[in-house]
Amino acid sequence: MNYFIDLWNSFYHVMIEGNRYNFMISGLKNTFIITFGALAIGVVIGIIVAAIRTSFDKNKESLRTRKGFGYFSLSFLNSVCKIYLTIARGTPVVVQLMISYFIIFASADDGVPVAIFAFGINSGAYVAEIFRSGIMSVDNGQFEAGRSLGFNYLQTMWHIVIPQMFKVVLPTLCNEFIALLKETSVAGYVGVIDLTKAGNTIAGRTFSYFIPLLSVAAIYLILVMILTWLVSLLERRLRKSDH
Amino acid sequence: MTTKNALIRVENLVKNFGEIEVLKGINSEITRGEVVVIIGASGSGKSTFLRCLNLLEYPTDGNIFFNDVNITDPKTDINLHRQKMGMVFQQFNLFPHMTILKNMTLAPVKLLKMSKQDAEKKAMALLQKVGLADRANAYPSQLSGGQKQRVAIVRALCMDPEVMLFDEPTSALDPEMVGEVLGVIKDLAASGMTMAIVTHEMGFAREVADRVIFIDEGVIAEEGSPEEIFGNPKCPRLQEFLSKVL
């Protein structure tokens, strides 16, 4: 019993006194802003990159037979995308974040937009591959049926392939979102007060690491558990619409 | 060779897949209102030939004219011509995320700018003809194979095509469902639709065809009326093929 009273006392001392919990709240807010912002950028990049990569894979045969500029330009874009994927997935996100903050946006005061940018670029690579595998998983006969009715490539993708792709990738996409939420914990490297940095700051001020760091871990854990639960609900919903 | 009424004219069609020569120079034409049945062994190139007609496979060499327009010319907008070439696949390829009615009205509404009401009215009339009007709001996964293929046929018909291409339309069906699909195709033939059909159903071929093309090793080995092809085959390969399938 004494143990819990001690625990409460130290919690009170560390978190409540001097309103230090406000650090945690604003840190959590920044974590959310960075995660959602990065996800939005990631999805946009992901769609564009996946579109280029799959159009190239699907059309290279016929474009090569027809020769001309189409094959050249699409193959160039495809190479650019491949380089992007290699770099974004082949280097640590912390390094990318620091390069963004200290080199690319060296004059930036606020780290939050830079963090959104860096995590968005990083996440885009993973989202692109998720979308690409989703598009590839849709039977090619669907694509041919669309084209045979007279739809052009983009119309076929939009009306026929992408709606089917979304069903396949939604759970994976949510998992990417969960991973992204945890990855943003390194935003402190560029002076952003996110949840992790907030905990660390409180620890520094109170010389007590136990309560702040465990609180940070608990908050991440709870967020991830809620999100995981939501994903499982979603998966069940999607399965239900399979006849 | 060239006649005035040719709806589709194929000149020296060559198609390679990598190193493999699948079609080695095919010359043919399909006249308006004609039903052409294409037969041949597996791997002979008959499906590839059919798929080249609407450029689902882009020919390596040669020309294909549709309504006297060279559709193999890269400057031709193939999408416009495909609207006039209905295609039915072995695997049906209905859109699983749409109802039967939506499957049928999507292309007319988006491509022909038909109003939703008109498109639905037309789709319902066609469904009525193939006996599936009561399934209009079902999803493809709720239909049997034969029903799916009948829907696939009327989906193509919703675009008012000038020619219908059938790529082994009954090969993926359970035997007891073959008849219902062939029945629909026969009705269509009787209505004067121009058709090119790849099939293994020889009895059906003999019954419905105006002309039969036998493709062997990437060339047309023999062609003629069903009576000639099935009754009096000349080419030894065709004799061998028929002795195996009949």
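Note: hydrogens, waters and symmetry copies are ignored here, and every other heavy atom, side chains too, is used. So you know, we letter chains A, B, ... as the sequences are listed, proteins then strands, and number each from 1.
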Using a cut-off of 6.0 Å, state whether more than 12 heavy atoms not belonging to Phe76(A) lie near its atom CZ. no

Show, in sequence, the C-alpha distance, side-chain angles and deciding distance for Leu149(A) and Leu106(B), and conclude whether the side chain to side chain contact (heavy atoms under 4.5 Å, CB included) test is met. CA-CA 10 Å; Leu149(A) 285 167; Leu106(B) 182 73; 6.0 Å; no

Got a second to check how far Lys110(B)'s NZ is from Trp158(A)'s CH2, nearest 0.5 Å? 10.5 Å

Is the number of heavy atoms from other residues, nucleotides or ligands within 6.0 Å of NZ (Lys186(B)) greater than 12? yes

Heavy-atom closest pair (Phe95(B) atom, Ala145(A) atom, distance to 0.1 Å) is CE2-CB, 3.8 Å

For Lys29(A), look at atom NZ and say whether over 12 heavy atoms of other residues, nucleotides or ligands are found less than 6.0 Å away. no

Top residue by heavy-atom pair count (under 4.5 Å) with chain A, among Met87(B), Gln83(B), Met85(B)? Gln83(B)

Residue among Val88(B), Leu56(B), Asn54(B) with most heavy-atom pairs under 4.5 Å to chain A: Leu56(B)

Closest contact, heavy atoms only, Pro163(A) versus His97(B): CB-CD2, 3.6 Å

Under 3.5 Å donor-acceptor, Gln142(A) side chain and Leu94(B) backbone: yes

CE on Met98(B) to CD on Gln164(A), rounded to 0.5 Å: 8.0 Å

Just one of Asp77(B), Leu111(B), Asn79(B), Ile78(B) clears the side chain to side chain contact (heavy atoms under 4.5 Å, CB included) bar with Asn152(A), so which one? Asn79(B)

Other residues, nucleotides, ligands: >12 heavy atoms within 6.0 Å of Tyr84(A) OH: yes

Residue pair Phe89(B) / Ser148(A), side-chain heavy-atom distance below 4.5 Å: yes

Enclosure of Lys84(B) NZ (heavy-atom neighbours >12, cutoff 6.0 Å): yes

Any Arg51(B) side-chain heavy atom under 4.5 Å of Glu144(A) side chain: yes

